[in-house]
Amino acid sequence: MERPFVEISGVAMRYGGVEGTLALQNATLSVGKGEFIAVVGPSGCGKSTLMKLVTGLWPATAGTLLVAGQEVDGPLSIAGMAFQNPTLLPWRNIIDNVMLPLEVVEPHRRQLRSQRAMYEARAQDLLKLVGLGGFDKKFPHELSGGMQQRASLCRALIHEPALLMLDEPFAALDIFTREDLWAVLQGVWMARKPTVILVTHDLREAAYLADRVLVMSSRPGRIIAERIVDLPRPRTLETTYKPEFVSLVHDLREHISAARKGEEVVHGQ
Amino acid sequence: MASDAALTATAPAPGTAAKAPADATMSPEALRRLQAMALAQRRRRRLQAWLPWLVIIGMFVIWEAGVRAFNVQQFVLPAPTAIAESMIKWWVPLLDNSWQTLMTTLIGFFLAVIFGLLLGVAIGSSSLLYHGLYPLLIGFNSVPKVAVVPILVIWFGIGTVPAVITAFMISFFPIVVNVATGIATVEPELRDVLRALGAKPSDIIRKVGLPRAMPYFFASLKIAITVAFVGSIIAETVAANKGIGHLMILASSRFDVPLVFAGLIVTAVMGVAMYVAAVAIENRTTGWAMRGQNDQQQVSVPGV
Ligand SMILES: Nc1ncnc2c1ncn2[C@@H]1O[C@H](COP(=O)(O)OP(=O)(O)OP(=O)(O)O)[C@@H](O)[C@H]1O
Ligand SMILES: [Mg+2]
């Protein structure tokens with residue numbers, strides 16, 4: 001068998017020195033190349049922290065992280081990340097924001113000048129795909145929160161990264177737009193097969209999109225359950241009404257409830 | 001109107017919503033209200049544009065009236081009309097010397113912009129440099145520049161150079177501090193966007209630090225240009241043979257107080273003109289930071 005693309009073993013993260021918040025403890029998971037996994041867990045359990053460790057934005061306080069067989073010792077350039085907040089640069093219009101990774105990541109950086117038209121068309125296509133066609137020249141503050149989040153998703157996709165890290169990319173959207181974008185994201189994934197780690201609070205979203213769903217415990221977070229989603233692709237909204245799907249979501253919900261009870265026990269100490 | 005109703009019924013496609021003008025789907029009444037709002041706003045703008053002139057004219061009128069009413073001696077406080085008379089009489093030396101002062105100030109100011117930007121970027125992006133250099137900068141800025149001018153004269157002799165250097169020294173500090181603050185206070189989230197792409201530190205400064213510092217930089221230019229005038233004129237009054245400061249010293253030694261005031265007014269006019277130019281550049285380049293709040297934005301001239 002091939003080696004996993006992302007290997008995390010025994011990782012811990014404590015913010016702010018020895019006395020600080022222990023956000024993650026003994027987190028172990030691995031993601032195969034081209035696999036789509038979803039991470040669910042109660043709020044504040046360390047999901048965003050996990051994302052930042054995998055992309056090398058923060059160093060872990062313990063454990064090892066390997067991505068593509070290499071130890072993560074600094075920010076990765078093969079990853080595309082959509083942060084929990086849209087974090088668009090306020091002085092750039094939407095299309096320039098979306099094209100930002102092309103100005104940084106090789107080989108696009110070298111080719112951007114000569115093939116600007118091609119890249120611009122790619123950015124426009126992505127914007128249309130998420131329903132932002134015609135907003136390319138607007139500035140972030142002229143867009144709603146959900147629209148900014150969609151633009152930030154485009155920014156994560158534009159350089160076609162091998163590892164796609166999505167931290168609650170659809171949290172600010174209404175259920176209908178969200179379901180549309182599930183199909184969009186599934187389409188992108190099926191076309192190019194990047195490795196995806198998706199953090200979400202929406203269990204239906206996790207079950208719809210992922211090959212495998214990981215459940216995290218409350219803080220300090222670690223993986224307490226794992227469910228393989230064995231449903232054929234492409235999945236549609238119809239799929240979400242199938243009994244297998246419903247029972248999977250139900251099962252995940254119970255795990256989350258258990259995890260949250262665990263949090264109360266911790267508080268009681 | 002039937003066609004209006006039909007238009008309102010069909011929701012515009014997401015893509016076209018941005019471009020379609022809002023009035024396409026508007027009832028006549030709503031349109032009228034919108035027009036009334038636009039008119040009120042225009043009126044307000046017009047008043048805002050005229051207000052400074054009214055205030056300035058008002059000040060001169062009160063000044064004139066006060067001087068006449070209390071019969072103030074001309075060598076204590078000349079009336080605006082006397083100042084104007086003096087301006088007309090001495091317009092050639094006034095123009096000559098203010099040109100000299102303007103050039104001196106601008107050279108010093110541009111040097112301050114170049115070095116201020118460089119040092120500001122360096123200090124803002126490295127906390128080591130920040131902590132290492134900041135105390136020295138504060139100390140440097142606390143030194144009264146008048147006290148430095150004689151030293152400059154010893155080094156460079158009487159003339160333009162001490163004035164340029166004084167203008168530079170006095171306008172350098174606000175630029176450094178503002179640029180450094182702009183870069184040092186970049187939101188970590190924005191920095192992370194770049195870092196997550198594997199960007200080099202120089203990329204991060206270019207793509208996040210500098211754009212983010214631009215509003216701070218232009219805000220500092222408004223202060224820097226006005227204090228640069230103060231710097232060059234201070235130096236001219238102490239050690240120069242040209243410039244508006246020199247002219248004022250000559251005039252006051254001859255008790256020609258109207259001419260002194262004429263010099264002051266010319267200086268003020270130059271200061272305001274430069275300030276307005278800085279504001280125009282600022283509005284052009286950093287519109288994103290205003291977020292369409294131009295109505296609330298005030299032109300505040302910092303007191304020096
Ligand atoms: N920069 C930071 N400095 C200090 N503590 C932090 C920092 N970021 C996160 N934490 C702490 O780490 C814990 C986990 O945070 P994290 O953002 O990873 O949670 P999360 O699982 O993403 O939550 P949510 O679902 O609400 O986004 C929290 O208790 C938080 O207080
Ligand atoms: Mg989070």
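Every chain is numbered from 1 and lettered A, B, ... according to where its sequence line falls, protein lines coming before strand lines.
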**Student:** Please indicate whether B:Tyr134 has more than 12 foreign heavy atoms, meaning atoms of other residues, nucleotides or ligands, lying under 6.0 Å from its OH.
**Tutor:** yes
**Student:** Would you mind reporting whether B:Leu190 and A:Pro90 have side-chain heavy atoms less than 4.5 Å apart?
**Tutor:** yes
**Student:** Using non-hydrogen atoms and a 4.5 Å limit, figure out which bit of A:Leu57 sits close to chain B: side chain, backbone, both or neither.
**Tutor:** both
**Student:** Of all the heavy-atom pairs spanning B:Leu197 and A:Ala79, show the shortest one and how long it is.
**Tutor:** CD2-O, 4.4 Å
**Student:** Check whether any side-chain heavy atom of A:Trp91 sits under 4.5 Å from a side-chain heavy atom of B:Val208, and report yes or no.
**Tutor:** yes
**Student:** Under a 4.5 Å cutoff for heavy-atom pairs, which residue among A:Arg155, A:His159, A:Arg92 has the most contacts with chain B?
**Tutor:** A:Arg155
**Student:** Measuring from atom CZ of B:Arg212 to atom CG of A:Leu89, what distance do you get when rounded to the nearest 0.5 angstrom?
**Tutor:** 11.5 Å
**Student:** Can you check whether anything in residues 94-115 of chain A gets within less than 4.5 Å of chain B, heavy-atom wise, and list it by number?
**Tutor:** A:Leu100, A:Pro101, A:Glu103, A:Val104, A:Val105, A:Arg109
**Student:** For the OG1 atom of A:Thr87 and the CG atom of B:Leu194, what is their distance to the nearest 0.5 Å?
**Tutor:** 10.0 Å
**Student:** Is it the backbone or the side chain of B:Asp203 that comes under 4.5 Å from a heavy atom of chain A, or both, or neither?
**Tutor:** side chain
**Student:** Is it true that atom CG of B:Leu128 has more than 12 heavy atoms of other residues, nucleotides or ligands lying nearer than 6.0 Å?
**Tutor:** no
**Student:** Against chain A, work out which of B:Lys207, B:Glu189, B:Glu187, B:Lys200 has the most heavy-atom pairs shorter than 4.5 Å and name it.
**Tutor:** B:Lys207
**Student:** Suppose a student defines contact as a heavy atom less than 4.5 Å from any heavy atom of chain B. Which residues in residues 61-72 of chain A would they list?
**Tutor:** none
**Student:** Might you point out which heavy atoms bring A:Met81 and B:Ala196 nearest each other, and give the distance in Å?
**Tutor:** CB-CB, 4.4 Å
**Student:** Report which part of A:Leu127 has an atom under 4.5 Å of a heavy atom belonging to chain B: side chain, backbone, both, or neither.
**Tutor:** neither
**Student:** With a 4.5 angstrom heavy-atom cut-off, is it the side chain or the backbone of B:Arg191 that approaches chain A, or both, or neither?
**Tutor:** neither
